[in-house]
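In what follows, chains are A, B, ... by sequence order, proteins preceding strands, each numbered from 1. Atom set for the values below is all heavy atoms of this structure, side chains included, hydrogens, waters and symmetry mates excluded. Worth saying up front: this structure is predicted, and the values here are computed from it rather than measured.
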Amino acid sequence: MSKVIEGLRYADSHEWVKVEGDIATVGITDYAQHALGDIVYVDMPEVGDEVSQGEEFGAVESVKAASDLISPVSGEVVEVNEALEDEPGLVNKDAFSAWIMKVKLSDASELDSLLEAAAYEKLCEE
Amino acid sequence: MEEKLIKTCLHDRHVKQGAQMSPFGGFDMPIQYVGITEEHNAVRHEVGVFDVSHMGEVRVKGPEAYKYVSHIFVNDVTGAPDGQIFYGMMCLENGGTVDDLLVYKVNDEEYFLVINAANIDKDVAWIMKNAEGFDVTVTNESDKYGEVAVQGPKAEETVEKVLGIPVKDIAFYNFKTFQIDGEEVIVSRTGYTGEDGFEIYGSHEYIIKVWDKLMEAGVQACGLGCRDTLRFEVGLPLYGDELSEEISPIEASLSMFVKLDKLEFIGKEALAKQKAEGVKRRIVGLELEGNAIPRHGYPVEVNGEVIGEITTGYRSISTGKSVAMAMVNKPYDKLGTEVEVRIRKKTFPAKVVKKRFYDKNYKK
């Protein structure tokens, strides 16, 4: 069974969001890392890039294939997880601590369109 | 309408073992069991077993079998001892590749052809059609055989000890037919991984027994995921990526298997012309700077102009480098040529290198 954490918000494209003030931390879910298999590269945005909800902001690559990362929020990228450059496998080890980017939210109301833990868990079971 | 996927004789085993299954060549095949990296490393350093029952088998028999096989096959089987195997292609008149295959010489009047799963129907039709006028009978035996590939430095020891088949004396690209449990079992020293290994063909019942014995002995089950990373690292082509009806063996940089000194074969004229005049494009190896991973279909550019396309690319599991095979236009095929690979929104510098990214460890 894949792990889902209470209190986070989820996109149906399998990204998680943790909001602290106006900063959203974004990663991919345990379900996603499991489906992808061994992750060997995370293509991250650059600090200062603008990302938009529902649009691609990078990619996560397993041995076999590349999967687009879809941003669950809009705003400016203020930090990326540089540890993933050398150790992309951290995402497989613990998808919820291996965050990918931090975004300064430009529209906090977008968060309302994201799923709560229970609804996301249900989506994964389908 | 969705086509119904074919199940190999080992399908139940894969599902029970929790393999991730996916369609390949019309079959429902295991992609991985525990992870591509782990399975890949098992084959490079120990031993692993693949279900390759999806491969097709065609038997050509009759007084003109030698003449006929020479007619459809670009490699030259002339003078070979019984029990030898040849790799090569069947080509169209225009030089495009119908399929790449192994030809097992049973004797001058009998050959056993092993073809790609996705091409079975097309190949059988092609083989039958071109057999007209030759005194041979062609039989599609694909449904009759199950097949496993036992690959890795410990393959010989595993086949001898776990399966009790004496294979020590089988030379590279040779095979023997054994009588086991009252049936014929074909064992060849071949594979698609760049490591020593064997391919075993037998009835579905026999192959299931072989699989179970190997599992009991703790041999790593390997899926098509690592089959692709392994063959790629040693520069072996995959039909559909590096070869197709639009790609000739010369363009695929496999001209060493095209024997133009043979009297005749289908496609000879076109391939001879390509070899003499040169081709406009060719498969090469690329090594990228940095960590981005080139994938099938990504454009290869020089000064912003597209000059080719990635055919297969990976972060090599054995070397850690981002490498690819690519079809590039001349003159960008020369070793050391600097190109760029477009990956999503950015381009990454790359260099043309030999398409063998990892040295083969065959036991010859």
Asks: Using the ring of W99(A) (Phe, Tyr or Trp, six-membered ring only), decide whether K102(A) places NZ or CZ under 6.0 Å from its centre and within 45 degrees of its axis.
Replies: yes
Asks: Taking atom types as modelled and ignoring hydrogens, do the side chains of T312(B) and E242(B) form a donor-acceptor contact shorter than 3.5 angstrom?
Replies: yes
Asks: Counting only heavy atoms from other residues, nucleotides and ligands, does the tally under 6.0 Å from CD of E50(A) exceed 12?
Replies: yes
Asks: Between F96(A) and W16(A), what is the ring plane arrangement, given parallel below 30°, perpendicular above 60°, and tilted in between?
Replies: tilted
Asks: Considering only heavy atoms, which portion of F232(B) lies under 4.5 Å from any heavy atom of chain A: side chain, backbone, both, or neither?
Replies: neither
Asks: With a cut-off of 6.0 Å (strictly less than), are more than 12 heavy atoms of other residues, nucleotides or ligands near NE2 of H45(B)?
Replies: yes
Asks: Where on E56(A) is there a heavy atom nearer than 4.5 Å to chain B: the side chain, the backbone, both, or neither?
Replies: both
Asks: Highest number of heavy-atom pairs under 4.5 Å with chain A: which of I293(B), I317(B), I343(B)?
Replies: I293(B)
Asks: Do you know which of G225(B), A292(B), G35(B) has the most heavy-atom pairs with chain A at a distance under 4.5 angstrom?
Replies: A292(B)
Asks: Quick check on T37(B) against chain A: is it the side chain, the backbone, both or neither that has a heavy atom closer than 4.5 Å?
Replies: both
